[in-house]
Amino acid sequence: MDAPAGSPTAASSDSVAGAVTPERAAYYERIGKENLAPLWEVLRGLVPPEPKTPCVPALWRFNDVRKMVMEAGTLITAKEAERRVLVLENPALRGKSRITQSLYAGLQLILPGEIAPAHRHTASAIRFVLDGDGAYTAVDGEKTVMRRGDFVITPNWTPHDHGNPSQQPMIWLDVLDVPTVNFFDAAFSEHLDQETQSNTREDGDSYARYGSGVLPDGAPKEMIRSPIISYPFARVRPVIERMAKSDDINPYHGARVRYANPINGGWATPTMGAQLALLPKGFKGKDYRSTDGTIFVCVEGEGTTKVEEQTFHWTPGDVFVVPSWKTYAHTAKSESVLFSISDRPAQEALGIWRELN
Ligand code: GTQ
């Protein structure tokens, strides 16, 4: 704002006030010394007429990134790394460890025989298994064996450790609300004394108790996150298949379910909501947009997602992100299954979520 005397300076696009005259510039400089700034120079950027995300659409092809993830396995152990993860960084937000403004995503590798030691943190996490069969996550005393397509939650502050007693490497997608928690400066974390938790509940216990249309006596009346630790793909896929068969197909999303919290019917976690959709062969989705920037995973099949001017072609294991308020549409070349996750529950809780227009 150092304009030569007498010549007005062009206003920034965020300004509503026209040119920065020398008088105004001098004034801004004086008030700046008191840590004051004129709102009218930034108003449009601060209160935009519609969402103005810095994020861009992006796709990570599993076949390409898998090799790099496996290479990390030769450089560092899971134990040394604490969590051996390659962070999926939004190309427009490099260095910020985030895929959208509010969410972190990464690909975690656990090799046969490895463990990732127990810790807990304020951030909530979810896992979605991309490759492998038979590694586990232990959450709050429940050791959950994981298979491809399983959706596993680690609610905030629950102790968790991972291990892989199987013969194959396992790779899963981690999504955490880290940027959200850090935005509030509310993050804590700690290591636990025991590297590996002892089981207090059997594998599948929480799904059996809470995920079967009944609730145990004494189930809490309120719980802001799901008591179900693992939603196995083998249980969820038949539901979307049944919906598709009976033509219960959303014109934007296909035959889609939400991973629900059976206590309140809400989302699995208060900050992150996940869904699973079956797109029938030949599906042509209508244009859609919403304020929750969304991460997708192709679980099965093959198709495309057009995000404004860009078209992503996806096959199994591919991860892609659609930023807030960008118009997108899916097509499926063969019957396809798409997992998706976003910060929609947080936006809904705040009363700011919007879709379509
Ligand atoms: O598995 O606990 O990708 O703490 C990032 C931070 C995974 C985990 C991540 C974590 C974890």
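Counting convention: from 1, in listed order, for ligands and their atoms alike. Every value quoted in this text rests on a predicted model; they were computed, and no experiment measured them.
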Chemist: Who's the nearest protein heavy-atom neighbour of atom 8 (C) of ligand 1, and how far?
Modeler: Arg83 NE, 2.9 Å
Chemist: Test side-chain hydrogen bond (donor to acceptor under 3.5 Å, both in side chains) on Tyr328 and Glu308 and set out the steps.
Modeler: CA-CA 6 Å; Tyr328 68 92; Glu308 302 204 321; over 6 Å; no
Chemist: In the protein, what heavy atom is nearest to atom 5 (C) of ligand 1, and what distance, to one decimal place, separates them?
Modeler: Tyr104 OH, 3.4 Å
Chemist: With the side chain counted from C-beta on, respond yes when Phe320 and Pro57 share a heavy-atom pair under 4.5 Å apart, and no when they do not.
Modeler: no
Chemist: Going by the order shown, which atoms of ligand 1 are within less than 4.0 Å of some heavy atom of Val85?
Modeler: 3 (O)
Chemist: Can you report which non-hydrogen protein atom sits closest to atom 6 (C) of ligand 1, along with the distance?
Modeler: Leu176 CD2, 3.9 Å
Chemist: Measure the distance from atom 7 (C) of ligand 1 to every protein heavy atom, then report the residue, atom name and distance (to 0.1 Å) of the closest one.
Modeler: Asp174 OD2, 3.3 Å
Chemist: Tell me whether Asp161 is salt-bridged to Lys79, with the criterion being a basic N under 4.0 Å from an acidic carboxylate O.
Modeler: no
Chemist: Pick one of side chain, backbone, both or neither for how Arg84 approaches ligand 1, counting any non-hydrogen atom pair under 4.0 Å.
Modeler: neither
Chemist: Could you list which atoms of ligand 1 come closer than 4.0 Å to a heavy atom of His162?
Modeler: 1 (O), 8 (C)
Chemist: Are side-chain heavy atoms of Phe283 and Lys281 found at a separation under 4.5 Å?
Modeler: no
Chemist: Within ligand 1, which atoms have a heavy atom of His121 less than 4.0 Å away?
Modeler: 2 (O), 4 (O), 10 (C)
Chemist: Applying a heavy-atom cut-off of 4.0 Å, say which part of Val87 lies close to ligand 1: side chain, backbone, both or neither.
Modeler: neither
Chemist: Can you list the ligand 1 atoms lying under 4.0 Å from a non-hydrogen atom of His119?
Modeler: 2 (O), 4 (O), 8 (C)
Chemist: Between Glu202 and Lys143, is a salt bridge (Lys or Arg N to Asp or Glu O under 4.0 Å) present by the stated rule, with each step listed?
Modeler: CA-CA 7 Å; Glu202 276 179 60; Lys143 196 170 178 176; over 6 Å; no
Chemist: How does Glu82 reach ligand 1, if at all, at less than 4.0 Å between non-hydrogen atoms: by side chain, backbone, both, or neither?
Modeler: neither
Chemist: Report the C-alpha separation of Ser166 and Asn164 in whole Å, then their side-chain angles, then the decisive distance to 0.1 Å, and conclude whether the side-chain hydrogen bond (donor to acceptor under 3.5 Å, both in side chains) test is met.
Modeler: CA-CA 5 Å; Ser166 85; Asn164 187 355; 2.7 Å; yes
Chemist: So, applying side-chain contact (heavy atoms from CB on, under 4.5 Å) with Phe128, which one of Val319, Val175, Val152, Val299 is it?
Modeler: Val299
Chemist: In ligand 1, which numbered atoms sit nearer than 4.0 Å to a non-hydrogen atom of Gln108?
Modeler: 1 (O), 7 (C)
Chemist: Report the C-alpha distance between Glu302 and Ser334 in whole Å, list the side-chain angles of each, state the deciding distance to 0.1 Å, and finish with yes or no for side-chain hydrogen bond (donor to acceptor under 3.5 Å, both in side chains).
Modeler: CA-CA 6 Å; Glu302 181 182 357; Ser334 58; 5.1 Å; no
